[in-house]
Amino acid sequence: QVQLVESGGGLVQAGDSLRLSCAASGRLLELKLLELNYMGWYRQAPGRLRELVAIITRGGSTTYADDVKGRFFISRDNDKTTVYLQMNSLKPEDTAVYYCAARFLGPRDYWGQGTQVTVSS
């Protein structure tokens with residue numbers, strides 16, 4: 001089992017920045033990371049489906065949603081257990097619950113509990 005714990009959400013104004021963090025933990029995590037496909041971030045706004053924001057693969061390749069390219073940046077620690085999402089130039093439409101996700105071979109998916117990001121205009 002893998003646990004994902006997010007932090008860093010909050011209420012900001014349009015144009016501000018926020019940094020989200022997601023720490024992975026669990027039994028035999030080092031071995032499990034050998035089977036990691038990717039870690040990343042999804043978000044879900046009220047009345048909308050959960051959508052991909054950004055992911056980073058075990059090899060370090062990144063993928064971003066079109067509407068966050070150039071504003072959001074995903075990174076991770078060298079041990080691959082913590083993933084970050086640097087969000088710049090935030091817009092009201094970025095308001096959502098942001099979820100950390102991890103996909104392992106299988107596939108087996110794990111999700112964090114979510115952290116609220118609210119951007120006021």
Side-chain angles (χ1 to χ4, degrees):
Q1 193 75 3
V2 174
Q3 291 81 42
L4 303 175
V5 178
E6 304 105 333
S7 61
L11 172 62
V12 297
Q13 293 186 329
D16 285 351
S17 298
L18 271 179
R19 189 193 197 204
L20 304 183
S21 300
C22 171
S25 63
R27 200 165 150 269
L28 303 178
L29 182 62
E30 285 188 9
L31 291 179
K32 288 188 171 69
L33 287 175
L34 296 176
E35 298 181 350
L36 180 69
N37 188 334
Y38 64 76
M39 284 185 70
W41 296 90
Y42 287 69
R43 67 186 179 187
Q44 187 167 18
R48 300 189 63 175
L49 297 175
R50 191 172 297 189
E51 61 181 10
L52 181 145
V53 177
I55 60 172
I56 183 167
T57 69
R58 187 160 66 91
S61 298
T62 57
T63 299
Y64 294 93
D66 286 342
D67 58 350
V68 306
K69 284 179 182 176
R71 299 189 299 123
F72 290 13
F73 301 93
I74 190 168
S75 62
R76 66 183 179 195
D77 283 351
N78 287 337
D79 62 4
K80 301 184 179 67
T81 62
T82 303
V83 174
Y84 305 96
L85 185 68
Q86 178 66 41
M87 304 186 293
N88 301 324
S89 302
L90 282 160
K91 304 175 182 179
E93 50 264 43
D94 294 319
T95 296
V97 178
Y98 284 69
Y99 295 91
C100 181
R103 169 161 285 189
F104 293 81
L105 295 178
R108 290 167 293 153
D109 294 336
Y110 297 92
W111 295 89
Q113 80 285 356
T115 185
Q116 177 70 45
V117 172
T118 303
V119 185
S120 64
S121 57

- If Ile, Leu, Val, Met, Phe, Trp and Tyr residues are connected whenever their side-chain heavy atoms lie under 4.5 Å apart, and connections chain through other members, are Val12 and Met87 in the same group? yes
Check residues 32-41 and write down every donor-acceptor pair under 3.5 Å in which the side-chain atom is one partner and the other belongs to a residue at least two apart or another chain.
{"from": "Lys32", "atom 1": "NZ", "to": "Arg27", "atom 2": "O", "distance (Å)": "2.7"}
{"from": "Glu35", "atom 1": "OE1", "to": "Arg108", "atom 2": "NH2", "distance (Å)": "2.5"}
{"from": "Tyr38", "atom 1": "OH", "to": "Tyr42", "atom 2": "OH", "distance (Å)": "3.2"}

- Message: Could you work out, with side-chain hydrogen bond (donor to acceptor under 3.5 Å, both in side chains) as the rule, every residue matching Gln13, not counting sequence neighbours?
- Response: none
- Task: Would you mind reporting whether Thr62 and Ile55 have side-chain heavy atoms less than 4.5 Å apart?
- Result: no
- Note on the structure: Residues Phe104 and Ala102: closest non-hydrogen pair is CE1-CB, 3.8 Å
- Query: What pairs with Lys91 under salt bridge (charged side-chain N to carboxylate O under 4.0 Å, His left out), at least two apart in sequence or on another chain?
  - Reply: none
- Item | Non-neighbouring partners of Ser7 that pass side-chain hydrogen bond (donor to acceptor under 3.5 Å, both in side chains), sequence neighbours left out | none
- Task: May I have the step-by-step check of side-chain contact (heavy atoms from CB on, under 4.5 Å) for Arg50 and Trp111, ending in yes or no?
- Result: CA-CA 12 Å; Arg50 191 172 297 189; Trp111 295 89; 3.2 Å; yes
- Item | Worked verdict on Ser17 versus Gln86 for side-chain contact (heavy atoms from CB on, under 4.5 Å) | CA-CA 7 Å; Ser17 298; Gln86 178 66 41; 3.8 Å; yes
- Message: Donor-acceptor check, side chain of Thr118 to backbone of Leu11, threshold 3.5 angstrom: yes or no?
- Response: no
- Between Val2 and Ala24, which heavy-atom pair has the shortest distance, and what is it? CG1-CB, 4.4 Å
- Message: Please give the remaining members of the hydrophobic cluster of Val5, linking ILVMFWY side chains under 4.5 Å, ordered by chain and number.
- Response: none
- Query: Which atom names give the shortest non-hydrogen contact between Ala14 and Ser121, and what distance separates them?
  - Reply: CB-CA, 4.4 Å
- Can you check side-chain contact (heavy atoms from CB on, under 4.5 Å) on Glu6 and Leu20, steps first, answer last? CA-CA 7 Å; Glu6 304 105 333; Leu20 304 183; over 6 Å; no
- Note on the structure: Taken to the nearest 0.5 Å, the spacing of Ile56 CD1 from Ser75 OG works out to 7.0 Å
- Message: Is any side-chain heavy atom of Tyr64 closer than 4.5 Å to one of Val53?
- Response: no
- What pair of heavy atoms forms the shortest contact from Val97 to Gly114, and how long is it? CG1-CA, 3.8 Å
- For Arg71, what residues pass the salt bridge (charged side-chain N to carboxylate O under 4.0 Å, His left out) criterion, not counting sequence neighbours? Asp94
- Taking only residues at least two apart or on different chains, which pairs with a member in residues 55-121 satisfy disulfide bond (SG atoms under 2.5 Å apart)? Cys22-Cys100
- Message: I'd like to know whether Leu85 forms a side-chain contact (heavy atoms from CB on, under 4.5 Å) with Phe72, so could you lay out the CA-CA distance, the side-chain angles of the two residues, the decisive distance to 0.1 Å, and finally the verdict.
- Response: CA-CA 7 Å; Leu85 185 68; Phe72 290 13; 4.2 Å; yes
- Can you tell me which residue pairs pass the disulfide bond (SG atoms under 2.5 Å apart) test with a partner in residues 40-82, sequence neighbours excluded? none
- Among residues two or more places apart or on two chains, list those pairs meeting side chain to side chain donor-acceptor pair (under 3.5 Å) that have a residue in residues 95-104. Arg43-Tyr98, Arg103-Asp109
- Item | Partner set under salt bridge (charged side-chain N to carboxylate O under 4.0 Å, His left out) for Asp66, not counting sequence neighbours | Lys69
- Query: Any side-chain heavy atom of Gln44 sitting closer than 4.5 Å to one from Leu49?
  - Reply: no
- Message: Would you say that Leu90 contacts Leu18 through its side chain, given a criterion of any heavy-atom pair below 4.5 Å between the two side chains?
- Response: yes
- Item | Shared-cluster residues of Leu105, by chain and number - hydrophobic side chains joined below 4.5 Å | none
- Who passes side-chain hydrogen bond (donor to acceptor under 3.5 Å, both in side chains) against Tyr84, sequence neighbours left out? Asp77
